[in-house]
Amino acid sequence: MVSLYNTGLELANLLLGSDLLNQSWEAISKLQKQNLTLLEDPSLPFSVKYQVYENPSKGSIIAFVSSPNCAVNHLQQEFRELVSSDQIMSFDFLCTRSNTSSISIHKAAFALFASLENELSLLKQQFTSSQPLIVTGYSLGGSVASLFTLWLLESLPGYGKQQILCITFGSPLLGNNGFQKAMSEHPTWSSCFLHVVSDKDPVPGFLISDHNASAATLTTPTWYMPFGTYLFGSESGFSCFEEPQSILELLMIMSSRCVESENLHNCSQVIDYGHILEQLKNKAICRGISELPDSISNPLQAGTYLLLEATGVGMLQENVNLSYLAMNIAKREEVQAKHKQKVFDPSKISVTKKSMSYLEWYMKNSLEEAGYYDKYKTRRSRSRDEIESTENLIKHHRTLKLFWKRTVTEVENFPWKEGRTRKMRLLYAATNYRRMVEPLDIAEYYGRGKKDYVLHGRSEHYKLLEKWLTGEKTQTYQRSQASSLTVDSCFWAYVEEAVISCQVLKDGQSSSPQDQESARENLIKFEQYVMDMINNFLVSPEIFLSQSSFMLWWNEYSKVVGNSYTSPLTNFMNDGFRRYA
């Protein structure tokens, strides 16, 4: 169960054992050498350079580097400012309905990105989802690499995002708590970012101080928070972390020796991550679970303790209580793991196929009785098989509702563009679900003696699913035969309301004149509604089964209005409904 230990160390081991990190740093080193004069001349304005390195067999690498004076000056107090989302329209897609926090990005990093925006816009158009792509950068160049990767992710289809990896080296924190929260709502995006940090590099933790770190624990929107996966390395070893607050604490510890103003000049020195990677690659990663402190009480805490040992945190700062830190981080990792279990992936629609198949079977077998809606509404368990059938139906009904409620919530919280893409992919299945399952909800609602389902009983997710359909310019065509499923999923609610209105007219003097007049108006509207549905073949023939609620309503209604009453619906019911059925 020491999943954190296995995940953090094994991921670090896998990354260092692959060529991805080395290839990325080699591209950065090559770009630094090509622009040595431009990048190191202190008289020149702050700048960032990029270069594309193509490898037909392995994909492409885009490297970003910034001038060293950029790192020194942009990270001093006056350059710690954040710029809010209303000023960074290029990244307004990060704003979602569920994230009410203000989204802000490091002002200096955004300024460097904006200086290249026109060029990067052309570059973005060159990359499709067919080839793997690594976007990498060092120091503030890593921040620009992250912003470009986000820009690219937003424009790609879902499957294309799996081809992109952003690897930064010694990059400072990029955004505030709102930015981190927006990233956490996109697990696919967040998993594309890997930030490599050495204990010898002050820049990654330079936007943190004791003051704003404590504020960050309270999720203050004006301070920086990390996102993505962090690979921490020291002379003692290395490991990966993902939980933001844990990363923040580790960054504070690892940069604690360099935060004083007299050490600012260290920021201008280029840290040789190539040499660091080579050293770490040669180290043994797992050192066993030999001597753990007595305060470590469970496997998760043990794994965290060993991760911290592997990164050498205890050696970096003497007053660090490794056991206490391990217990706090383990607690947060456990909370994050539970949250991840709740993150719902709408692409897993295949899990509903079994339940939908059962409903289709139930619908087919109900045609011999009163029909799908009425069989469920008046369900009676007369035999063991019927009891089992009813129990299974209820189980599958609930399974489908849970799936689609969570799916709709998830999709509605996506940024507009990605949300629209998801809706289009899910539209057919969502519409089928709504037309099959909502009638069961209506049957339960009126079975409990309630009224006005559409106004007071309809689930919000059905309304949104219907909005998905009406909001898209889907192809329409003239039907020439009846639909197997009634197109309006609220049809049976209107039937039930017509039954209630018919009863008001039957009651005569026991109802007020106003109630009777309202009932007549409702029934005339219902007649028109039904005829529109019939003329366009939008109702299933099952509504004309002799024991269906619609036919029971019609039999009562025809008695109430009498033989002398004529309308398009009465003419149809007297002459044509059997042909339709």
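Excluded from the calculations below are hydrogen atoms, water molecules and symmetry mates; all remaining heavy atoms, backbone and side chain alike, are included. Just so you know, these numbers come straight off a predicted model, no measurement behind them. Along the sequence shown, the residues carry numbers beginning at 1.
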Visitor: Is it the case that the side chain of N22 and the backbone of G274 share a donor-acceptor pair, with hydrogens and angles ignored and the cut-off at 3.5 Å?
Guide: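 Absent.
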Visitor: Would you name the heavy atoms of L21 and F169 that are closest together and state the gap between them?
Guide: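 Looking at all heavy atoms of both residues, the closest pair is O-CZ, 3.6 Å.
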Visitor: Could you tell me whether F148 and F113 have their ring centroids closer than 6.0 angstrom?
Guide: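 No; F113 has its ring centre 6.0 Å or more from that of F148.
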Visitor: Not counting sequence neighbours, which residues clear salt bridge (charged side-chain N to carboxylate O under 4.0 Å, His left out) with K30? List them please.
Guide: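 With sequence neighbours excluded, K30 shows a salt bridge (charged side-chain N to carboxylate O under 4.0 Å, His left out) to no residue whatsoever.
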Visitor: Main chain of R406, side chain of H461: is a donor-acceptor contact present, judged purely on distance under 3.5 Å?
Guide: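 It does not hold such a pair.
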Visitor: Between T168 and S146, is any pair of side-chain heavy atoms under 4.5 Å apart?
Guide: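 Side-chain contact under 4.5 Å: yes.
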Visitor: Cut-off 3.5 Å, side chains only: do E412 and W468 have a donor facing an acceptor?
Guide: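 Side-chain D/A pair, E412 to W468: present.
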Visitor: Quick one: are S246 and P244 in side-chain contact, heavy atoms under 4.5 Å?
Guide: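 Not touching, per the 4.5 Å side-chain cut-off.
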Visitor: How would you list, by chain and number, every residue that makes a salt bridge (charged side-chain N to carboxylate O under 4.0 Å, His left out) with E117, sequence neighbours excluded?
Guide: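 For E117 there are no salt bridge (charged side-chain N to carboxylate O under 4.0 Å, His left out) partners, ignoring immediate neighbours.
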Visitor: Does L152 reach the side chain of T149, with side-chain heavy atoms less than 4.5 Å apart?
Guide: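 L152 does not reach T149 side chain to side chain.
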Visitor: Holding to side chain to side chain donor-acceptor pair (under 3.5 Å), I want the full list of residues that pass it with S121, two or more places apart in sequence or in another chain.
Guide: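 Side chain to side chain donor-acceptor pair (under 3.5 Å) list for S121, sorted by chain: empty.
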Visitor: Output all residues satisfying ring-ring contact (aromatic ring centres under 6.0 Å, His included) with F110, sequence neighbours left out; order by chain, then residue number.
Guide: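 Here no residue qualifies.
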Visitor: F193 and side-chain contact (heavy atoms from CB on, under 4.5 Å): which partner among I164, L153, T229, L174?
Guide: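 The single option meeting the side-chain contact (heavy atoms from CB on, under 4.5 Å) with F193 is L153.
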Visitor: Is the shortest side-chain heavy-atom distance between L231 and L194 below 4.5 Å?
Guide: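 A side-chain contact under 4.5 Å exists here.
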Visitor: Are any non-hydrogen side-chain atoms of L20 and I167 less than 4.5 angstrom apart?
Guide: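 Yes - at least one pair of side-chain heavy atoms lies under 4.5 Å apart.
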Visitor: Could you tell me whether the side chain of K401 reaches within less than 4.5 Å of the side chain of Y462, counting heavy atoms only?
Guide: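 Answer yes - side chains close enough.
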Visitor: Keeping Y224 on the side-chain end and I105 on the backbone end, is there a donor-acceptor pair under 3.5 Å?
Guide: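 Side chain of Y224 to backbone of I105: no pair is present.
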Visitor: Looking at K200, is its backbone amide N or carbonyl O close enough to the side chain of S198 to form a donor-acceptor pair, meaning the two atoms are under 3.5 Å apart?
Guide: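 The answer is yes, because a donor-acceptor pair under 3.5 Å joins these two groups.
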Visitor: Among all residues two or more places apart in sequence or in another chain, which pass the side-chain contact (heavy atoms from CB on, under 4.5 Å) test with S115?
Guide: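 Applying side-chain contact (heavy atoms from CB on, under 4.5 Å) to S115 gives V48.
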Visitor: Does any non-hydrogen side-chain atom of L248 lie less than 4.5 Å from one of P226?
Guide: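 Yes - at least one pair of side-chain heavy atoms lies under 4.5 Å apart.
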Visitor: Between the side chain of N176 and the main-chain N/O of W223, is any donor-acceptor distance below 3.5 Å?
Guide: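 No: the side chain of N176 does not pair with the backbone of W223.
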Visitor: Got a sec, which residues hit side chain to side chain donor-acceptor pair (under 3.5 Å) with Q23, two or more places apart in sequence or on another chain?
Guide: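 Residues passing side chain to side chain donor-acceptor pair (under 3.5 Å) with Q23: none at all.
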Visitor: If every non-hydrogen atom of A63 is compared with every non-hydrogen atom of L31, which pair is closest and at what distance?
Guide: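 Minimum heavy-atom separation between A63 and L31: O-CD2, 3.3 Å.
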